[in-house]
Structure formats: structure tokens, C-alpha cells
Amino acid sequence: MSKPLITVRDLSIGYGDTTLLRNASFDVPRGDIFIILGGSGCGKSTLLRHLIGLETPLAGEIRIAGIGAPRLEGAAPRFGVMFQSGALFSSMTVGENVAFAVQEWTHLPPEAVSAIVRAKLALVGLEGSEDKLPAALSGGMRKRAAIARAMAFEPNLIFLDEPSAGLDPVSAVELDELILALNRNLGLTVVMVTHELESIFKVGKHCIMLDRDTRTIIAQGEPQKLRSETDDPRVRRFFNRETSIPQWQ
Amino acid sequence: MQFVTSLKLLDTRAIELMGLWARMNDSELIDRPSMVFDERLSVVVGMLQRFSWERVEAGDASVRVELGGRITIDDAAALWKRISETLTHVEGVRQLELSLEQIQMIDGACMALLVQFRTDLRTRSVACEFSGGSAEVRRIVELYGGRSKTRQKRPVRPPVNAIEQIGSATLGVVGEINQILDFLGRLVASTLHVLRHPKSLNLRDVGRTMERAGADAAPIVLLINFLMGFVMAYQSAAQLKQFGANIYVVDLVGVSMTRELGPLMMAIIICGRSGAAFAAELGTMKVSEEVDALRTLGFLPLPYLVIPRMLGLILVAPILVLMADAIGILGGALVASISLDITSTSFLIQLQSAVKASDIVSGVIKGVVFCATIALISCQQGLATSGGAEGVGRRTTSAVVSILFALIVLDALFTVLLALFGL
Ligand SMILES: Nc1ncnc2c1ncn2[C@@H]1O[C@H](COP(=O)(O)OP(=O)(O)OP(=O)(O)O)[C@@H](O)[C@H]1O
Ligand SMILES: [Mg+2]
């Protein structure tokens with residue numbers, strides 16, 4: 001087996017005095033589709049921010065092969081990131097958003113850049129929206145534009161924070177197919193947060209589940225196996241959509 | 001009125017009824033001709049009191065409260081009042097049963113109040129249970145009260161006395177100054193980086209800043225400084241006339257505009273316009289994760305966002321200061337010719353001897369330093385924003401206030417330094 005792309009050892013993360021996750025260790029293999037699961041507010045987005053290098057861990061280490069500890073220091077991006085809120089630059093059009101990094105870090109003429117932009121937008125079903133401002137897009141369209149921006153620079157690693165939340169079922173399935181296709185054809189490694197059971201089973205190769213109360217990883221492995229073999233009630237509840245709200249007939 | 005007499009009852013409830021009757025009298029519901037009096041009365045009673053709350057003593061140290069009727073958010077205030085009354089009269093009570101038997105309907109808000117009532121009673125060591133109730137009512141109980149996790153109360157912070165407050169406020173100010181200096185250090189490092197890699201400069205934002213902060217601010221800078229010169233000359237005219245020293249209005253206006261008022265007024269306007277704009281703009285980018293997104297795309301916030309803004313302001317500062325000087329002196333000249341009988345020729349001749357090149361240059365340098373300070377503080381505050389829309393507002397306010405304070409301190413420093421060097 002080849003060396004993992006991301007290794008996380010004894011990682012503790014949090015904000016100020018609150019720890020969200022303690023002593024977490026996991027690997028993301030190259031070419032994987034790695035899913036981070038867990039209830040709302042358990043620290044999935046925060047974990048992603050640490051993997052990207054936007055925050056410094058309280059303890060432990062993160063290594064991305066070829067980069068070492070993730071640091072953002074003003075060089076061509078080595079991975080793409082889609083934030084949960086999209087975080088499109090509101091003063092630029094959608095096209096400019098997608099073109100931004102390509103323009104800065106390559107020596108392509110403007111026509112070539114705009115061809116790339118058009119292709120990336122078409123990939124996420126946003127053809128023809130180049131000249132719109134982010135404020136004039138719907139929530140789902142903003143998400144897709146943000147995905148296009150994350151993929152614009154042809155990264156071989158991409159971080160997605162709830163990419164299909166707020167998309168209609170058809171677009172969500174299309175997005176899953178897109179992720180699978182990129183993964184198969186280009187070997188793109190995907191680390192994503194999602195709650196959609198369907199896409200977890202469809203695209204996920206490995207997953208970890210975080211828990212807010214114990215502040216640990218309570219399960220890791222292949223989604224299908226976890227579903228069928230787990231004896232942890234919290235994991236079972238998640239995969240079988242059981243709730244603790246009483247059910248009535 | 002006639003129904004009161006027929007009722008033969010003048011307790012408080014009847015008086016309430018009368019009031020309501022008077023208000024409702026022309027409403028369709030009450031005044032339907034087919035309605036007999038009893039029906040009307042029951043409608044009014046139904047409106048007056050839609051729920052009932054009966055307290056029954058059930059043996060020693062044990063109380064039963066029987067709730068009934070339709071309890072909705074409209075009744076929440078009345079319900080809360082009953083709850084508070086009951087809570088103040090629970091001495092000696094060991095057990096309280098809240099009977100939901102008679103409730104026809106209850107909504108979530110009121111159930112939340114009842115659950116709170118139960119919690120409050122339990123903290124006073126009164127055992128409290130809900131009893132009875134239809135299936136629907138039990139469901140709402142389950143939904144709101146079934147999963148009651150006991151939350152720990154947040155520790156109450158002890159009150160802070162005045163001296164501690166002054167101390168912590170002082171530490172806060174020192175901390176802010178520290179942060180600004182820290183930011184300045186990082187900015188210098190980034191500037192060196194940009195100097196070595198000039199291509200990495202975001203020229204688009206330099207141009208945009210020059211246009212917005214410079215060209216767009218020109219009219220207001222001109223107007224304010226014209227009025228400054230005008231008012232200053234006018235105020236001093238009366239005094240100077242008394243001594244026949246009319247011609248010295250030229251020295252007064254010329255020197256104070258170029259050395260002091262031109263740059264200062266310009267800086268105050270730039271602070272209000274661009275300082276606030278930078279802080280709000282960068283603050284919004286920060287809270288909407290745009291700054292983070294920028295970093296993931298390989299751009300550093302200081303070279304990409306801050307240096308262009310600072311450079312833009314520094315480049316427009318000399319032009320704005322010179323414009324402010326000239327128009328201020330023009331305002332003075334107008335007053336001089338109108339009320340002090342100084343011709344434009346003699347004004348100009350006197351101006352040449354009154355205003356030295358060093359006055360103008362020191363004013364321009366001041367203006368540049370002021371503008372750099374405005375950019376520094378507003379960008380620092382903007383990038384330090386956290387906490388949503390309110391955070392942006394807070395940082396914008398504090399940026400403007402800190403800038404004004406810094407401007408006055410710098411101005412005083414300049415005055416002392418220039419005096420030391422005899423300029
Ligand atoms: N900037 C911050 N400062 C302090 N606390 C924060 C900050 N951002 C998030 N938190 C807290 O950290 C916890 C985890 O937040 P995070 O955004 O990582 O959750 P999440 O797992 O992504 O949830 P969701 O599925 O709802 O997106 C939350 O309790 C939140 O209140
Ligand atoms: Mg999240």
C-alpha cells in the first residue's frame with residue numbers, strides 16, 4: 001500500500017478553552033474519498049480548517065505528503081477548498097472568482113483563462129453565470145460556484161464542506177457523480193463533510209465519525225462495513241436515521 | 001348596560017365584561033342579531049378567559065393545580081403570571097401535581113413555560129409531576145419535557161468593581177496598541193516582500209482606492225477646507241481690525257492652513273470615508289470567510305488587501321493636502337477682500353513672505369503620515385473582526401475612534417518635533 005496522503009496523529013483541536021476533538025489519529029490514503037461525519041456542531045468544519053492550515057492545532061500533527069504541515073503562505077494553491085458558506089468573493093463576479101487563482105498562478109492569456117472558467121462552471125451546471133455577482137445567485141448555485149472555484153486550479157486534493165447541502169436531489173446526485181468521475185479519472189483525493197446518507201454510501205471509501213460528547217473519533221472505516229458491523233449505538237443511530245425524539249404512529 | 005342589571009352581579013369580572021362588551025359591541029361576532037344574550041355572554045367569557053388554573057389543596061404539604069381550556073401563546077403572559085404567583089407561595093409544599101386533564105389544547109410556548117415551572121419547583125425541592133391529559137397533550141409534554149437534560153447553570157460572574165473596570169479597560173487599550181504595532185511589524189515585512197516581488201502587488205486595488213479615497217473625496221475636502229479658511233479669516237478679522245493689523249490675516253490663514261488645518265481636516269474626512277469603509281469591507285470579508293478563502297488560493301491578506309489600500313491612500317494624500325491648502329487660503333482671501341479691503345495682489349505678495357516652503361512640505365508630510373495611519377488602523381481592525389454583522393459594526397466604530405485619537409496624538413508629536421528642529 002502506498003503512503004497515505006494525509007496523516008493525522010494525536011490531533012487535538014478547539015477554540016480558546018473549549019476542546020472539540022482530542023487525540024485524533026487517522027490517515028487519508030491517496031485517491032480516497034474520505035468522509036467526515038458527525039452531528040451538527042461537533043467540529044467537522046473546524047477539523048477541516050485545521051487540515052487546510054487555517055488554524056493551528058492545540059496539540060498533535062497533521063502532515064500532507066509533499067507539503068508537510070499545512071501552511072498557507074502565499075504560493076500556488078496545492079489543494080482546493082470549498083467552505084461551508086461558499087465564501088465567494090462578493091466584490092467579484094462568479095467568473096472572476098473561478099478565474100482568480102488561475103490568473104494569478106499561471107501565465108495563461110485571458111482567453112485561455114476564460115475558457116477554463118467556462119468549462120469549470122459547466123462542470124457544476126452553472127454555464128452562463130460568469131457575469132453574475134455572488135449576491136445574485138441562489139444558495140445552491142453559490143455552493144456550486146464555490147466548488148468550481150475550488151477545482152479551478154486542478155488540485156489533486158480537494159476539501160469540501162457539505163457540498164450537497166441545499167442542493168435539490170438531482171443536482172446532489174449529479175454532484176456525487178462528478179466527484180466519483182474526478183476521483184476515478186484523475187485520481188483526485190477528496191476529503192469532505194456530508195450528512196447525506198446516500199452520498200456517503202455511494203461515493204465514500206472511508207469515513208470517520210466525530211462525537212461531540214466524548215470529543216473523539218467514535219468510528220472509522222468503510223461506510224458499508226460500519227453500517228453492517230458496528231455495535232456502537234451512536235453509529236447505528238446515525239446510519240439508520242434513528243432519532244431520540246419519540247415516534248408516534 | 002341592560003345586561004348588567006339582568007346579571008345582578010357587579011363583581012370585578014362583570015366590570016371586565018362590560019369593558020369588553022363595549023369594545024366588542026360593534027363587532028360582527030357579538031352583534032349578530034340572531035345571537036341571544038347567553039350566547040353573547042359565553043363568547044365574551046370565552047375570550048376573556050380561555051384557560052383555567054385552579055389550585056386545590058390536596059392533603060398536607062401537597063397541592064394540585066388543575067389546568068384547563070385552550071392555552072396558546074396569547075395566554076402565555078397570563079399563564080406566566082399564574083406560575084410566578086404559585087412559585088411565591090410554595091413554602092411548606094412538598095409535592096405539586098400539575099393536572100393536564102382538562103386541557104383541550106396547549107401549544108409549545110406554553111408547554112415550555114410549564115416545563116420551566118416544573119424545573120423551578122424541583123430546584124426548590126418540591127416534587128412536581130404532570131398528570132393526565134389527552135394523547136395530544138402528552139405528545140407535547142414528551143416533546144418539550146421528555147428529554148429534559150439538566151443543564152448546568154453558567155457560573156455567575158462576580159460583580160466587577162470600578163477600579164477593576166478601569167484596570168481592565170486600560171489593559172484593553174494597551175492590548176489594542178500592541179496589536180496595532182504587531183500588525184505594523186508584519187506589514188513592514190510584507191512590504192519588503194512586495195518590494196522584492198513587485199509583480200505580486202495588487203494594482204487593481206491601488207487604483208480603486210485612489211479613485212474612491214482620492215477622487216471621490218475631493219469635493220468634500222475642497223468644500224470643508226474652503227469653509228475652514230473662510231471662517232478662520234472671518235473670526236480673526238474683527239480682532240485684527242482693532243489693531244489695524246488687517247494684512248496679518250494672510251499670515252494667519254496661510255500658515256495655519258498649510259501647517260495644520262489642511263492636513264488635519266483632510267485626514268479627518270479620509271478617516272470618516274475610507275477608514276470606516278476599509279474596516280467594514282475587510283471586516284465583512286473576514287466574517288464571511290472570504291479572507292480564509294483568499295489564503296487557500298495562495299494570497300496573503302497583507303500584501304493582497306492591506307498594502308494596496310495603504311499605498312492608494314499614501315499616493316492621494318499629497319494631492320489632497322495641496323488642494324486643501326490652496327482652497328483654504330482662497331477662502332481666507334475672499335474674506336480679506338470683502339471685509340478687510342485687502343486686494344488680491346497685496347494678499348499674494350504678503351502670502352509669499354508669510355508661507356515658507358517648509359510650511360507646505362511639513363503639511364504634506366503630515367498628511368502622508370496621517371493617511372498611512374488611517375490605512376494601518378482601519379485594516380488592522382477590519383482583519384481582527386469576528387462575530388458576524390455586529391462584530392463588523394463594533395470594529396468599524398472602534399477603527400474610526402482609534403484613528404481620530406491617533407491623528408490628534410500624531411499631530412501633537414509633529415508639532416513638538418518640528419519645533420525642536422526649528423521648522
Ligand atoms: N470561530 C469560532 N470561535 C469559537 N467557537 C467556534 C468558532 N467556530 C465554531 N465554533 C464552535 O465550535 C463548534 C464546532 O463548530 P463547527 O463549525 O466545526 O461544527 P460542524 O461540525 O461543522 O457543524 P455543522 O455540521 O453544523 O456545520 C461549535 O460548537 C461552534 O460553536
Ligand atoms: Mg460545519
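Just so you know, these numbers use all the heavy atoms, side chains as well, and skip hydrogens, waters and symmetry mates. To find a chain, count down the sequence lines: A is the first, B the second, and so on, and within it residues start at 1.
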Self-check item: Residue pair Leu37(A) / Phe239(A), side-chain heavy-atom distance below 4.5 Å
Solution: yes
Quiz item: Taking non-hydrogen atoms and a cut-off under 4.5 angstrom, which of residues 376-395 of chain B neighbour chain A?
Solution: none
Practice problem: Quick one: list whatever passes side chain to side chain donor-acceptor pair (under 3.5 Å) with Gln179(B), sequence neighbours left out. | Solution: none
Quiz item: Between Thr46(A) and Glu55(A), is any pair of side-chain heavy atoms under 4.5 Å apart?
Solution: no
Quiz item: Given a strict heavy-atom distance threshold of 4.5 Å, which part of Thr296(B) is in contact with chain A: side chain, backbone, both, or neither?
Solution: both
Self-check item: Considering all heavy atoms, the nearest Leu88(A)-Ala145(A) contact
Solution: CD1-CB, 3.9 Å
Practice problem: Could you tell me which residues satisfy side chain to side chain contact (heavy atoms under 4.5 Å, CB included) with Leu123(A), sequence neighbours excluded, listed by chain and number? | Solution: Met151(A), Leu178(A)
Quiz item: Which answer fits Leu54(A), side chain, backbone, both or neither, if we ask what part of it has an atom under 4.5 Å from a heavy atom of chain B?
Solution: both
Quiz item: Do the ring planes of Phe100(A) and Tyr304(B) sit parallel (below 30°), tilted (30 to 60°) or perpendicular (above 60°)?
Solution: perpendicular
Quiz item: Which one of Phe153(A), Trp105(A), Phe159(A) has the most heavy-atom pairs closer than 4.5 Å to chain B?
Solution: Trp105(A)
Quiz item: Glu289(B) and Ser85(A): side-chain donor and acceptor closer than 3.5 Å?
Solution: yes
Quiz item: Checking Phe79(A) against chain B: side chain, backbone, both or neither under 4.5 Å from a heavy atom?
Solution: backbone
Quiz item: Tell me the ring pair (Phe, Tyr, Trp, His ring centres under 6.0 Å) pairs involving residues 199-218 of chain B, sequence neighbours left out?
Solution: none
